[in-house]
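A short worksheet on the structure shown next.
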Amino acid sequence: MSAVQEALPAIRGSRDAIVRRFALTDAIFHGMTRAAAILVLVLLGGVAISLFAGSWQALSTFGFSFLTSESWNPVTEKFGALAPIYGTIITSAIAILIAVPLGIGIAIFLTELCPRPLRRPIGMAVELLAGIPSIIYGIWGLFVLAPFLQTTVQPFIIGVFHGIPGLGSLFAGPPYGIGLLTSSLILAIMVLPFITSITKDVFDTVPPVLKESAYGIGCTTWEVTRRVVIPYTRIGIMGGVMLGLGRALGETMAVTFVIGNAHRISTSLFAPATTISATIANEFTEAVGDLYTSSLVALGLILFVITFLILAIARYMLMRIDARTGA
Amino acid sequence: MSTATSLHQSRKRKNAVMMTLCVTAAGIGLAWLALILGALVYKGAAGLSLDVFTQMTPPPGDAGGLLNAIYGSVVMTIIAVIVGTPIGVLAGTYMAEYGRFSRLTTVVRFINDILLSAPSIIIGLFVYELMVRPMGHFSAIAGAVALTILVIPVVVRTTEDMLNLVPNALREAGTAIGAPRWVVIKSVAYRAALSGIVTGILLSIARISGETAPLLFTALNNQFWSSNLNAPMASLPVTIFQFALSPYEEWQQLAWTGALIITLTVLALSIVARSLTGRREDK
């Protein structure tokens, strides 16, 4: 009894030491994880700051006219971003116009029509395709799609629309094969898996009881989709579309292969053009002179700001639908 | 009676039309993707031989392989994964464990999601400003840093998601027997989420193995064998880019073959990653 009482302080002491050691290790581990989390913030902040610093020279030289000028002349060192911005927006917009109806159609097919045994394989194939690197799409566009468009589709369309006001100028000029339309098609096929898999995921969040009650009062599959599923998942679909748009805007390699890299704004969809990312990829390593390099970084800054806004909106929308299903 | 029937008929017809359109959309989408993969296999397999893996990239007009490009890609990928994974796992741990309800986590999650889908060429520009410009030359280490920045958000995202799936009862059991927080995380949460975290790492490798844009002006390219991390280094995607746009037939063939190698690698990684988490779900 007394022996135990004598030993007690020593036991307590070593216990306290162990607890202190545990607390210290825990604090260290806590600090490390916290530092890593903060590093993620620092990374994005660093990206913004370095782009801003790198583009300062161009922005201070050209001012606001950098955004509105179409000229891109390395010899006279006059740079304006209008043509790449135009190309970026037009190609992405057309790509989204093509990919969204297709993506939603495939999602409806997968959730409502597809025979059950095929559902998982097809759904998985779509997700796997979303992971294929963009350079693969680019090389296919350059060697397969562009020659095909040049020899068959484009001459035909030019012939059909020739002389029709408005539409004629949209499809004017010689059939190069490469250009705005080809880039849009490649972008469409690239963002299609993204839009499809997100749309399918949000379609799956619709409570079955909602769909069943609509079927129960005699609705057709299309009516259930149109009146129940799509209204319920509208925000999620929009989020998916915005995410696809963000991808399309920033996509580099696939577009660089087939855009033609021509700094001009043309009304014809068959004309070679350029996008922000294609300009940077094509010209950055060859840029001589600080102002040239700085102008290219400024293009990067514009792209960063545009995609940041689009992605922020997309994430906000997807977060809202997550919050609803979580509740 | 007749109006009711005709309304019924028109609704059914509309349904049939829309559903046909959906099936067509699926058909077009799948056929389109099959065309791309078909062309890739057809053109890429034609140049597939042992030489591709044992010879250096050739000068124009010569036969050769992709050895130095494959080596460069592997080296930079390994560095990126070794550096990026611990950072990503730690950040994900903070978000799911220590800081699950903190404001910082909400902000980091949002920023991380943006970083996840930010254009990779922007990351290339960032690393150029950060490393290439101060150092004065392109280098493999700059390329590896660019890839690291792409690895981190993927690992953060999957780690957080997977740790959040671990039931709280397991953590409480650990705490109840007196284990401190870090022991619970290390021995309970990590162990339960291991396959998910590995999936995230595999997916991040799949993501960076085809990235071209961030390497264009960080690691640049190298026609020759180089294992110097402080010098420009070849990589498979950049070599494909250069060779595909060249007018030489041998180079274009190598580009197709390289594209096939990358695609097969990426598909294999994604399938393994998916089967890892797939088994979890079945349990």
Side-chain angles (χ1 to χ4, degrees), chain A residues 22-23 25-26 29-30 32-34 36-37 39-41 43-44 46-47 50-51 53-54 101-102 105-106 108-109 113 124 128-129 131-133 135-137 139-140 142 144 189 192 196 220-223 243 246-247 250 252-253 257 277 280-281 284-285 297 300 303-304 307-308 311-312 315, chain B residues 11-12 14-15 18-19 21-23 25-26 28-29 32-33 36 39-40 87 90-91 93-95 98-99 104 107-108 110-115 117-119 121-122 125-126 129-130 149 152 156 180-182 206 210-213 216-217 220 237 240-241 244 255-256 259 262-263 266-267 270:
Chain A
F22 275 1
T25 323
D26 206 39
F29 193 56
H30 188 163
M32 275 165 63
T33 60
R34 200 179 149 88
L39 183 71
V40 174
L41 298 186
L43 274 182
L44 197 78
V47 171
S50 75
L51 287 182
L102 275 180
I106 298 175
I108 296 174
F109 171 78
L113 298 172
M124 202 167 143
L128 286 179
L129 287 163
I132 289 188
I135 194 164
I136 309 296
Y137 293 95
I139 194 171
W140 183 79
L142 179 68
V144 181
I189 188 69
L192 183 61
T196 306
T220 61
T221 310
W222 168 245
E223 285 162 351
L243 213 57
R247 288 260 163 189
T252 310
M253 299 324 293
F257 274 106
S277 49
I280 302 174
F284 198 82
T285 46
V297 178
L303 179 64
F304 178 72
T307 48
F308 185 92
L311 292 172
R315 289 299 171 188
Chain B
R11 284 175 54 211
K12 272 180 76 175
K14 193 170 179 189
N15 184 50
M18 293 318 291
M19 290 306 127
L21 283 179
C22 288
V23 176
I28 291 176
W32 201 345
L33 294 164
I36 294 183
L40 184 65
I87 299 176
L90 283 175
T93 306
Y94 178 80
M95 292 158 73
Y98 287 110
L104 178 64
V107 179
V108 171
F110 190 75
I111 295 297
N112 188 64
D113 278 352
I114 299 230
L115 214 52
S117 22
I121 195 159
I122 303 269
L125 282 178
F126 168 56
E129 295 287 337
L130 188 75
I149 298 177
I152 292 173
V156 170
R181 198 92 187 256
W182 63 275
E211 280 292 352
T212 319
L216 279 176
F217 26 82
L220 202 67
I240 293 174
F241 178 58
W256 275 109
I262 289 189
T263 310
V266 170
L267 285 182
S270 323

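Quick note on labels: first sequence line is chain A, next is B, and so on, each numbered from 1.
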### Message
At a 4.5 Å cut-off on heavy atoms, which part of A:Ile139 comes close to chain B: side chain, backbone, both, or neither?
### Response
both
### Task
Specify which of B:Ala25, B:Ala206, B:Ala39, B:Gly210 makes the most heavy-atom pairs with chain A at under 4.5 Å.
B:Ala25
### Task
For each of A:Thr285, A:Thr221, A:Leu192, tally heavy-atom pairs with chain B at distances under 4.5 Å, and name the one with the top tally.
A:Thr221
### Side-chain heavy atoms of B:Asp113 within contact of A:Leu311, under 4.5 Å
no
### Query
Angle class for the A:Phe22/B:Trp182 ring planes (parallel below 30°, perpendicular above 60°, tilted otherwise)?
perpendicular
### Query
Less than 4.5 Å apart, any side-chain heavy atom of B:Ile262 and any of B:Pro237?
yes
### Task
Flag the one option from B:Ile28, B:Ile149, B:Leu125, B:Ile87 with the top tally of heavy-atom pairs under 4.5 Å to chain A.
B:Leu125
### Query
Tell me, side chain or backbone of B:Ile114 under 4.5 Å from chain A's heavy atoms, or both, or neither?
both
### Message
Quick check on the interface: out of B:Leu104, B:Leu40, B:Val156, B:Ile152, who has the most heavy-atom pairs with chain A under 4.5 Å?
### Response
B:Leu104
### Task
Measure across A:Thr220 and B:Arg11 and return the closest heavy-atom pair with its distance rounded to 0.1 Å.
N-NH2, 3.9 Å
### Summary
Ranking A:Leu142, A:Leu128, A:Thr307 by heavy-atom pairs under 4.5 Å to chain B gives rank one to A:Leu128
### Query
Between B:Gly99, B:Gly29, B:Ser117, B:Ala213, which residue shows the highest count of heavy-atom pairs closer than 4.5 Å to chain A?
B:Ser117
### Most contacts with chain B, counted as non-hydrogen pairs under 4.5 angstrom, among A:Pro101, A:Ala23, A:Ala37
A:Ala37
### Task
State, with a plain yes or no, whether a side-chain heavy atom of B:Tyr98 is found less than 4.5 Å away from one of A:Arg34.
no
### Query
Taking every heavy-atom pair that is under 4.5 Å apart, which of B:Ser270, B:Ala244, B:Ala259 has the most such pairs with chain A?
B:Ala244
### Query
Of the backbone (N, CA, C, O) and the side chain (C-beta and beyond), which part of A:Leu113 lies under 4.5 Å from a heavy atom of chain B, both, or neither?
side chain
#### Entry: A:Val47, part contacting chain B, at a heavy-atom distance under 4.5 Å
both
### Task
Against chain A, work out which of B:Leu130, B:Val266, B:Ile122, B:Leu216 has the most heavy-atom pairs shorter than 4.5 Å and name it.
B:Ile122
### Query
Should B:Ile36 and A:Ile132 count as side-chain neighbours, where that means a heavy-atom distance under 4.5 Å?
no
### Message
Pair A:Phe29, B:Leu90 - check side-chain contact (heavy atoms from CB on, under 4.5 Å), show working.
### Response
CA-CA 9 Å; A:Phe29 193 56; B:Leu90 283 175; 3.9 Å; yes
### Sub-4.5 Å side-chain heavy-atom contact between B:Tyr94 and A:His30
yes
#### Entry: Heavy-atom side-chain contact between B:Phe126 and A:Val297 under 4.5 Å
no
### Query
When heavy-atom pairs shorter than 4.5 Å are enumerated against chain B, which of A:Gly131, A:Gly246, A:Gly46 gives the highest number?
A:Gly46
### Task
Would you mind reporting whether B:Pro180 and A:Thr25 have side-chain heavy atoms less than 4.5 Å apart?
no
### Main-chain N/O of A:Gly250 paired to A:Thr252 side chain as donor or acceptor, under 3.5 Å
yes
#### Entry: Contact leader toward chain B among A:Ile135, A:Ile136, A:Ile189, A:Leu243, where contacts are heavy-atom pairs under 4.5 Å
A:Ile189
### Query
Under a 4.5 Å heavy-atom cut-off, does chain A meet the side chain of B:Val107, its backbone, both or neither?
both
## Note on the structure
Checked A:Phe304, A:Phe257, A:Phe308 vs chain B; the most non-hydrogen pairs under 4.5 Å come from A:Phe257
### Task
Pick one of side chain, backbone, both or neither for A:Leu39, based on which atoms fall under 4.5 Å of a heavy atom in chain B.
side chain
